[in-house]
Amino acid sequence: MKDVAARGVVIEALRLLRPFWRLALASTIAGIASGLATAWLLGTINRALRTDGGATDALLLTFGGLCLFTIVTAVASTIGNAAVSQDIIAKIQLELSARIVRAPIQEIERVQAHRLMAALSRDVEAIGAFAFGLSGLTIALSVVVGSLAYLVVLSPLFFAVTVAALVLGTWAHSAARNRGISGLRAVRESHERLMGHFHALCQGAKELRLNRARRARVFGERTVPTIHSIRDAHLSAVRVFGSANAVGSLLFFIVLGIVLLLSAQAGADRAVLGGFVVVLLYIRTPIEQLVTAMPMLGQAQVALGQLATLSARFATAEAHLPLDAVPAPTTTIDSIELKDVRFAYGDGGFALGPINLTIRPGEILFITGENGSGKTTLINLILALYEPTGGDILLNGETLTAARRDDYRQLCSAIFFDFFLFDDLVHDGVTVPAQANTYLERLEIAHKVTIEDGKFSTIDLSAGQRKRLALIQVYLENRPVIVFDEWAAEQDPTFRRVFYEEILPDLKRQGKALVVISHDDRYFGVADRRVQLRDGKQESL
C-alpha cells in the first residue's frame, strides 16, 4: 500500500510539473551550475593558498569569473523556481476549483467544506513552499557533489571515509523520514478535524453560548485535544528529524577525527589536509540545508497525496457543463414531466419514487410532507441537479438528456432552504435594471440595502431579509421556472402573507411555473395543485 501511495504521489508531482518542465529544467540546471561553480571556487581558493608567491593573475581572473557565475546562476535558479512554484500553486487551485464546479452535486455534498478549505490552503501552501525552496536545495546538493568530486582529487582515502559517513547519515535520515512521514500524515488528518471544530465554533457560536455542556464538549473535548494532538505529532516528527540531524553532526565530527588520525599516522601533506578540512567544513552547511529540508519534503509529499485523493473524488465531471457564459438556447416551456422518476442515495439509503407529476407555466404547485419525506430531493430532481436512478424527466414531451441538462437548468431559478446569497446581481452581463430598486422597496428592505456598482451594499442581515435579497436575484433572472424551498419559513407573519397572497399570484400572472415547498397549511389553498410525500412515496390527494 505504501508503494502504491508513493507511486501516486510521484505521478501527481510529475503531472503538475509537466506544463512547466522547460522552466523547471532550466532552473534546476542553473542551480546545479551554481553549486558546481561553488565547488570549483573552493578548489580555486585552495590552489591559490597553496601556490608559492600567492595567487597568479590567472587564478584571480578565474576567481572573479566563478564568483560572478555562481551569483548569476543562483539568482536565475531562485527566480525560475519561484515562478514554477507559483505556476504550480495556480494550477492546483484552478484545477481543483474547476473540478469542484464540474463535480456532481452529490459528491460535493459528501465532501465537507472544511476538508476542501484545508486542501486549498494548507496543502497548496506546503507544495508551493517546497517548490520555492527547490532552487536552494539544488544548489546545496550540487555544492556537496562538486566538493566530493574535488575531495577525490585531494585524497582518495579521505574521500572514502567521507562517503562512508555520508552513506550512514543518509541511511539514518531515510529511516527518520519514514517515521516522520507517518507523523506528518497524522498532523494533516488532525488539521482537517481542527478546521471542522473551528467551523463549529464560529457558525455555532450562539448555540454554544446557550449550552454549557455542548460548549465544554466542542471546545474542551474536541478542539483542545485536537490542537494538542497536532502539537504532539509535530514535536514527535521534529524529535525524529532532530535525532537524525544529531547523528549526522556526530558522523561529521567523527570523519574529521578520523582524517586527523589518518593524517598523523600516514604523514599526509599538510596542504592536502588543510584543503580537505576547509572543503569539509564548507559543505557542512549545504548538507545541513538538505537535511533540514526533510520535514518540508515530507509535508509536500503528504499534501500531494491528499490532493491526489481529493482530485480522484472529483474526477468524474458532469458532462456538457461549460465554465464560460455560453448563452443557452431560447426555449418556451409547455410542460415539465416526471415520469416514474426514482432516486436512491447509495445502497440501502433513502429512496424516492416513483414520482409522476407535470409542471406547467402559470401554475402554482405545492410540495408538502413531513421532514425527511423527500421534498428537497424531489426539487433537486426537478432542477436536474440530481440525475434520476430510474424513470425520465421530459421537457415539452422530450426526454431530458445529459447534453441538454445544463441548458434546461438555465430555465430555472431557485431559493433553497440552505441557500447561498451572492452579493452581485448577475443580469446576463448587462447593467442591472432600474426595477431592482423597485424590488427593494416592494420587499421592504430598501431602508437597509442599496445597490451599488451592481452589488448589494450589504448582505449582513437576518435570514429572512437575506431571503428577500435572494428573491430580488430571482426577479432579475426572470426565468420561467421558479422553485422556493420553504422561503417563508424565516419571514414574519405579515410578510409571509405577502409572499403567499401577493408575490406568488403575481408571478403566476406572469406565466411562471412555480414549485413551492411549504409547511404553511394555512396557505395551501393558494396552490393550484399539491403533491404530498411520505417516506419518499407520492400520496394521492
Side-chain angles (χ1 to χ4, degrees), residues 333-344 350-386 388 390-397 400 408-409 411-419 464 467-468 470-471 474-475 479-541:
I333 292 182
D334 296 322
S335 66
I336 300 171
E337 182 181 358
L338 277 67
K339 189 174 182 181
D340 293 325
V341 167
R342 289 178 168 82
F343 183 84
F350 176 82
L352 175 72
I355 301 294
N356 291 280
L357 66 88
T358 302
I359 301 168
R360 298 183 179 88
E363 184 180 65
I364 301 175
L365 171 67
F366 273 25
I367 299 175
T368 60
E370 298 175 349
N371 293 333
S373 59
K375 301 185 298 299
T376 299
T377 300
L378 178 54
I379 65 169
N380 282 333
L381 289 165
I382 292 172
L383 294 168
L385 297 177
Y386 287 178
D392 294 298
I393 299 176
L394 289 78
L395 174 62
N396 298 335
L400 188 63
Y408 164 78
R409 293 188 191 120
L411 302 172
C412 306
S413 293
I415 303 177
F416 300 97
F417 183 76
D418 56 347
F419 72 107
K467 280 197 172 181
R468 297 184 199 183
L471 181 54
V474 168
Y475 275 133
R479 294 180 175 182
V481 180
I482 304 175
V483 174
F484 296 100
D485 185 358
E486 299 188 49
W487 186 90
E490 287 90 4
Q491 305 301 324
D492 58 69
T494 300
F495 210 84
R496 185 173 302 179
R497 181 195 61 77
V498 170
F499 173 70
Y500 284 111
E501 297 183 357
E502 296 181 23
I503 293 176
L504 289 181
D506 181 56
L507 291 170
K508 175 183 176 180
R509 284 190 293 271
Q510 296 176 33
K512 308 296 185 185
L514 304 171
V515 180
V516 182
I517 291 180
S518 176
H519 290 287
D520 294 321
D521 53 359
R522 177 181 176 183
Y523 297 102
F524 283 179
V526 174
D528 297 301
R529 288 186 299 121
R530 183 162 65 94
V531 172
Q532 175 78 14
L533 297 179
R534 185 182 297 276
D535 296 329
K537 304 298 181 183
Q538 182 177 358
E539 292 187 337
S540 300
L541 295 175

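Residue numbers run from 1 in the order of the sequence given. Keep in mind the model is a prediction, meaning the values are calculated, not measured. Just so it is clear, the values below take in all heavy atoms, side chains as well, and ignore hydrogens, waters and symmetry mates.
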Can you find a pair of side-chain heavy atoms, one from [X] and one from [Y], that are under 4.5 Å apart?
| X | Y | answer |
| --- | --- | --- |
| Tyr500 | Pro505 | no |
| Arg530 | Phe524 | yes |
| Ile355 | Leu533 | yes |
| Ile482 | Ile415 | no |
| Leu395 | Ile333 | yes |
| Ile364 | Leu507 | no |

Checklist line | Ile382: which of Ile393, Val341, Ile367 passes side-chain contact (heavy atoms from CB on, under 4.5 Å) | finding: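 Only one option passes, and that is Ile367.
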Notebook entry, point to check: Among Val483, Leu383, Thr376, which residue meets the side-chain contact (heavy atoms from CB on, under 4.5 Å) test with Phe416?
Noted result: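 Of the listed options, the one satisfying the test is Leu383.
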Do [Y] and [X] meet the salt-bridge criterion of a basic N to acidic O distance under 4.0 Å?
| X | Y | answer |
| --- | --- | --- |
| Lys375 | Glu486 | no |
| Asp334 | Arg360 | no |
| Lys508 | Glu363 | no |

Item checked: Results of side chain to side chain donor-acceptor pair (under 3.5 Å) for Gln491 - residues two or more places apart only -> Arg468
Note to self: On a heavy-atom basis, which atom in Gly397 and which in Ser335 lie closest, and how many Å separate them?
What the structure shows: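 For Gly397 and Ser335, the tightest heavy-atom pair comes out as N-OG, 4.3 Å.
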Does [atom1] belonging to [X] count more than 12 external heavy atoms closer than 6.0 Å?
| X | atom1 | answer |
| --- | --- | --- |
| Asp392 | CG | yes |
| Glu502 | CD | yes |
| Arg522 | CZ | no |

Next item on the list: Please check if the side chain of Arg342 supplies one atom and the backbone of Gly390 the other of a donor-acceptor pair under 3.5 Å.
Entry: no
Check: Is a side-chain donor or acceptor of Arg529 paired with a backbone partner of Leu365 at a separation under 3.5 angstrom?
Finding: no
Notebook entry, point to check: Does one side chain, of Tyr475 or Ser413, offer a donor that lies under 3.5 Å from an acceptor on the other?
Noted result: no
Checklist line | Donor on one side chain, acceptor on other, Thr358 and Glu337, under 3.5 Å | finding: no
Item checked: Test of ring centre spacing under 6.0 Å for Phe499 and Phe484 -> yes
Notebook entry, point to check: Atom CD1 in Ile379, atom CG in Asp485: separation rounded to 0.5 Å?
Noted result: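 Between Ile379 CD1 and Asp485 CG, I get 4.0 Å after rounding to 0.5 Å.
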Margin query: Return the CG to OG distance between Asp535 and Ser373, rounded to the nearest 0.5 Å.
Written below: 8.0 Å
